[in-house]
Amino acid sequence: MSEQQKDHTENNKENHTVGIAVSWGLVGIPLAYGLVETVRRAANLFVG
Amino acid sequence: MLDFLSRERIVARPGYSRWLIPPAALAVHLSIGQVYATSVYKSALVQHFDTSLTRVGFVFSLAIVMLGLSAALFGTWVDRNGPRAAMVVAAVFWSSGFLVAALGISSDQLWLVYLGYGVLGGIGLGIGYISPVSTLIKWFPDRPGLATGMAIMGFGGGAMVASPLSGRLMALYDSGYDSSDPGSVASGGAVAALFVTLGLVYLGFMLFGALIVRVPADDWAPEGYDPSEKKQNKMVTDASVSANTAIRTPQFWLLWTVLFCNVTAGIGILEQASPMIQDFFREGGSSTVSAAAAGGFVGVLSICNMAGRFVWSSTSDKIGRKPTYMVYLGVGVALYLALALGGSTSIVLFVALAGIIISFYGGGFATVPAYLRDLFGTYQVGAIHGRLLTAWSAAGVAGPLIINAFLDAQGEPGKLVSGDYRPALLTMVGVLVVGFLANLAIRPVDEKYHEPESEKKEADA
């Protein structure tokens, strides 16, 4: 593999790491919100 | 512009990370999962249209029926045009469904709510549900259960997000409404504003999924993946069966029966969860379980439903699809029996039994695309999955019908005792036994149904 190709692959990996973090964050945050709200609701079963 | 949506334009370049695909699928499934969060504004619509709960409830039943029909009708189109086109079309239908329904609420026209949320939204649901499935299976040939489990978990999670969010938004649009007070009812205007908000938010979210989704190149395989390992399992084929041929095989209809039975049995509990736990622990007319605690029980079931989709579907990659359904249906029989005969002895036992049953219900949805892949190959798995989802629509009608018919004969849910549920629960045991036997009868698809390699290549081209 040439140096240029190596650099390209490295850049690609870096872009993907950021992309993966942003994409999972965008779907993970609402999912976490829903989960927290549901756990709070579910807690009523044990205290109610 | 339309070229931007085509399958050819979204073939991933070498080095593209497959971990960008599950968020794309989740963006769609989290959005369309809202369909199970409708109880938040049902009373508001009943009051606004001055009509019955049955007529308002029909909107959501219609959406689920349309889900099954559109998934069955458009499955082949989805497979041919790729996930981006399918996600965009789903986003437009789902979002316009909300906007048309909002117009119906604002103009006091209930039929517009049927047309919007029920028909247009239902079409968006069906196309959206199957849009990422075949793509995920192709990106994760080594772990298809994990991949589809992640996406279909999002469908369960969508209601968990939409339910509290809708309550808060309606409180924002109607100062007289208190989302924490079960007796408070929002105005029709607040529900219309909520629908407009949700329609626009979901449009953006689903388009984000469409933007990042990619299909793998034909010669792509994950690092270290050895397809010959797959060939050692007789229940996993490397041949291809088309959607039109698949529905002529006994395997398709056996699996249809399996899904139908698993969903029908799960709905039996979900449909009556809140009054059921109160009735099971009723002594001398009053229940030891408060209304708030019963609401908490529904929350526990939502978590089990979502977790089951991911956990059981991922487990099926290790133990195989057929044994996984043996567990869902066989252990399900034992759990349902325990619930019917001994569920009222302890609240902890009741919650544990119901929670595991519902996790099997969720797992059944999430594992079925991988089961289809094993039996029919990846060729038109999305279209075959779409046709199989008619079992869900049928179970959505049969499940509540069975449970309500039995309970109506005993009295009114919320005023019953545990023994009154026994006939309904024992009927569900019978339903699960039928599903268990159907799963037991599933064998590899006969070679006569396989696509000749040349025809498959021509179709791909």
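Chain A is the first sequence line, chain B the second, and so forth, proteins listed ahead of strands; every chain is numbered from 1. No experiment lies behind these values; they were computed from the predicted model shown.
For Val348(B), no part lies near chain A; criterion is any non-hydrogen pair under 4.5 Å. Contacts of Val22(A) with chain B are absent, with no heavy-atom separation under 4.5 Å from either backbone or side chain. With a threshold of 4.5 angstrom between heavy atoms, Ser302(B) approaches chain A through side-chain atoms but not through N, CA, C or O. Contacts between Arg168(B) and chain A at a heavy-atom distance below 4.5 Å involve the side chain alone, from C-beta outward. Residue contact with chain A, scored on non-hydrogen atoms closer than 4.5 Å, involves the backbone and the side chain of Leu26(B) alike.
Side-chain contact between Leu194(B) and Phe98(B): absent, with no pair of heavy atoms (C-beta onward) separated by less than 4.5 Å. Between Leu165(B) and Glu37(A), the closest side-chain pair of non-hydrogen atoms is not below 4.5 Å. When side chains are defined from C-beta on, Met87(B) does not count as touching Thr135(B), because their heavy atoms never get closer than 4.5 Å. Side-chain contact check for Val28(B) versus Ser131(B): some heavy-atom pair is nearer than 4.5 Å.
In this pair, Tyr421(B) and Phe280(B) present their aromatic rings tilted. The plane angle is within the 30 to 60° band.
Comparing Val351(B), Val298(B), Ile277(B), Leu301(B) by heavy-atom pairs within less than 4.5 Å of chain A, the highest count is held by Val298(B). By number of non-hydrogen pairs under 4.5 angstrom with chain A, the leading residue of Pro22(B), Gly299(B), Gly157(B), Ser17(B) is Ser17(B).
Taking the six-membered ring where the residue is Trp, the centroids of Tyr41(B) and Phe195(B) are separated by under 6.0 Å.
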